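Quick caveat: nothing in here was measured; it's all calculated off a predicted structure.
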Amino acid sequence: MIDRERMRAKAAQYGITVTDAQLEQLDTYAALLVEWNERMNLTSILEPEEIETKHFLDCMLAARLCKAGESIADVGTGAGFPGVVMKIMQPEIDITLIDSLEKRLTFLSEVGSQLKIGMNYIHARAEDAGHADGLREAFAATTARAVAPLNVLAEYCLPLTAVGGRLIAMKGRSAADEVESAMAAIELLGGKIADEQEFTLPDGSERQIIVIEKIAATPEKYPRRANAIKKKPL
């Protein structure tokens with residue numbers, strides 16, 4: 001499916017080492033993604049080289065921010081990005097994949113089985129998960145890619161993030177504007193901007209990773225219901 005040596009070389013450009021075992025897992029993941037995409041809408045990116053760059057390498061850059069032994073929630077995981085790639089690259093993390101669509105979690109369960117990696121799957125909307133016992137402020141880190149603008153994303157993810165933990169937000173080139181407009185929301189929800197990293201992928205795509213540190217508990221009223229978030233974002 002993917003060109004393993006090309007994938008290894010792309011990662012090496014960013015100082016990332018990918019083992020033969022990890023390449024095998026990524027190859028299997030790519031094949032499953034394409035196969036299951038014929039049954040459900042998982043991704044519009046299906047060409048091997050695009051999968052390598054826009055899915056796998058993109059997520060590897062965020063995976064470098066994970067720490068062994070951490071519990072991490074991938075909110076609105078979709079086809080498993082970045083959570084599955086994080087687990088492949090950092091096998092010792094405890095990853096939880098959260099999505100509102102059960103059939104996506106069925107796919108991800110098959111991915112976990114085929115790759116022989118242990119992952120947790122939660123069928124829930126982010127705004128419900130943020131109020132659930134055992135999930136609220138339970139994760140050392142949360143992450144999300146292509147889910148929502150940063151002010152909205154913070155309301156979805158920071159209630160799940162433990163005080164002292166962080167939100168790893170994967171964004172495109174619009175991130176600078178999003179950060180500025182999200183500052184008040186981030187502060188209200190108990191966070192502060194801790195780091196901003198910028199990358200250009202081999203195809204020229206611009207990426208940014210915004211790291212938000214959780215420095216105080218999120219007020220109990222957040223996250224609000226989805227319609228309230230949509231109607232009046234923080």
Side-chain angles (χ1 to χ4, degrees), residues 1-40 42-75 77-99 104-121 139-146 166 168 170 197-209 211:
M1 179 68 203
I2 64 170
D3 183 320
R4 299 187 189 189
E5 290 311 310
R6 183 173 62 198
M7 180 76 259
R8 195 197 303 271
K10 285 179 182 179
Q13 293 177 38
Y14 298 83
I16 300 170
T17 300
V18 191
T19 68
D20 289 343
Q22 288 167 335
L23 287 167
E24 173 95 21
Q25 290 176 317
L26 291 168
D27 196 14
T28 300
Y29 185 15
L32 287 168
L33 186 67
V34 171
E35 176 190 343
W36 279 65
N37 202 68
E38 295 179 2
R39 298 178 240 169
M40 65 179 73
L42 291 168
T43 179
S44 61
I45 297 170
L46 297 169
E47 292 300 317
E49 187 162 10
E50 283 197 301
I51 291 173
E52 293 162 17
T53 299
K54 294 183 178 180
H55 282 329
F56 293 165
L57 180 59
D58 187 30
C59 295
M60 286 178 188
L61 294 170
R64 297 191 298 188
L65 300 176
C66 301
K67 300 174 184 177
E70 281 190 317
S71 60
I72 300 175
D74 181 8
V75 181
T77 185
F81 302 115
V84 175
V85 178
M86 285 180 165
K87 180 65 174 178
I88 290 171
M89 299 306 297
Q90 300 275 10
E92 294 182 6
I93 65 172
D94 180 14
I95 193 77
T96 296
L97 307 177
I98 301 174
D99 202 85
R104 290 193 193 120
L105 296 175
T106 301
F107 162 69
L108 293 169
S109 179
E110 178 65 17
V111 170
S113 177
Q114 293 268 353
L115 272 54
K116 297 180 173 57
I117 54 177
M119 300 185 288
N120 308 303
Y121 312 94
F139 296 94
T142 53
T143 188
R145 187 180 82 150
R166 65 209 185 284
I168 302 167
M170 299 176 64
Q197 301 181 9
E198 299 183 1
F199 306 95
T200 301
L201 297 178
D203 67 350
S205 301
E206 296 178 0
R207 296 288 188 269
Q208 294 191 44
I209 298 175
V211 180

Determine whether [X] and [Y] make a side-chain contact, defined as any pair of heavy atoms from C-beta on separated by less than 4.5 Å.
{"X": "Tyr29", "Y": "Met1", "answer": "no"}
{"X": "Val34", "Y": "Ile51", "answer": "yes"}
{"X": "Lys67", "Y": "Ile93", "answer": "no"}
{"X": "Thr106", "Y": "Trp36", "answer": "yes"}
{"X": "Val18", "Y": "Met7", "answer": "no"}
{"X": "Leu32", "Y": "Thr28", "answer": "yes"}
{"X": "Thr96", "Y": "Ile98", "answer": "yes"}
{"X": "Asp3", "Y": "Glu52", "answer": "yes"}

Does [Y] offer a backbone N or O that forms a donor-acceptor pair with the side chain of [X] under 3.5 Å?
{"X": "Asp99", "Y": "Leu105", "result": "no"}
{"X": "Gln25", "Y": "Leu115", "result": "yes"}
{"X": "Thr143", "Y": "Ile168", "result": "yes"}
{"X": "Asp74", "Y": "Leu97", "result": "no"}
{"X": "Gln22", "Y": "Ile88", "result": "yes"}

Identify the heavy atoms of [X] and [Y] that sit nearest to each other, and give their distance.
{"X": "Phe199", "Y": "Leu61", "answer": "CG-CD1, 3.8 Å"}
{"X": "Ala30", "Y": "Ile2", "answer": "CB-CG2, 3.7 Å"}
{"X": "Cys59", "Y": "Met170", "answer": "CA-CE, 4.0 Å"}
{"X": "Met119", "Y": "Leu108", "answer": "CE-O, 3.9 Å"}
{"X": "Leu57", "Y": "Pro202", "answer": "CD2-CD, 3.5 Å"}
{"X": "Val75", "Y": "Ala144", "answer": "O-CB, 3.6 Å"}

Does the pair Arg64 and Tyr14 meet the rule for a side-chain contact (heavy atoms from CB on, under 4.5 Å), with working shown? CA-CA 11 Å; Arg64 297 191 298 188; Tyr14 298 83; 4.3 Å; yes
In Å, rounded to the nearest 0.5 Å, how long is the span from CG of Asp203 to CG of Asp58?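 Going from CG on Asp203 over to CG on Asp58, the span is 9.5 Å.
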Listed partners of Arg8 passing side chain to side chain donor-acceptor pair (under 3.5 Å), at least two apart: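 Glu5, Asp20.
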Does this structure show an ion pair linking Arg207 with Glu198, if we count only N-O contacts that are shorter than 4.0 Å?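 Result for this pair is no, no salt bridge flagged.
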Can a salt bridge be assigned to the pair Glu24 and Arg4 using a cut-off of 4.0 Å between side-chain N and carboxylate O?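 A salt bridge is present here (some side-chain N lies under 4.0 Å from a carboxylate O).
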Counting only heavy atoms not in Glu47, do more than 12 fall under 6.0 Å of its CD?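 No, because the 6.0 Å sphere around CD of Glu47 holds 12 heavy atoms or fewer from other groups.
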In chain order, what residues pass the ring pair (Phe, Tyr, Trp, His ring centres under 6.0 Å) check against Phe139, with sequence neighbours excluded?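 Ring pair (Phe, Tyr, Trp, His ring centres under 6.0 Å) check on Phe139 returns nothing, list empty.
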What residues, two or more places apart in sequence or in another chain, satisfy ring pair (Phe, Tyr, Trp, His ring centres under 6.0 Å) together with Tyr121?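 Checked Tyr121 against ring pair (Phe, Tyr, Trp, His ring centres under 6.0 Å); zero matches.
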Using only heavy-atom distances, determine whether the side chains of Ser71 and Asp94 contain a donor-acceptor pair under 3.5 Å.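 No, no side-chain donor-acceptor pair sits under 3.5 Å.
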Using 30° and 60° as the class boundaries, would you call the ring planes of Phe81 and His55 parallel, tilted or perpendicular?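 If you compare the ring of Phe81 with that of His55, the planes turn out parallel.
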Quick one, Glu49 with Lys54, criterion salt bridge (charged side-chain N to carboxylate O under 4.0 Å, His left out). Give me CA distance, side-chain angles, the key distance, then yes/no. CA-CA 8 Å; Glu49 187 162 10; Lys54 294 183 178 180; over 6 Å; no
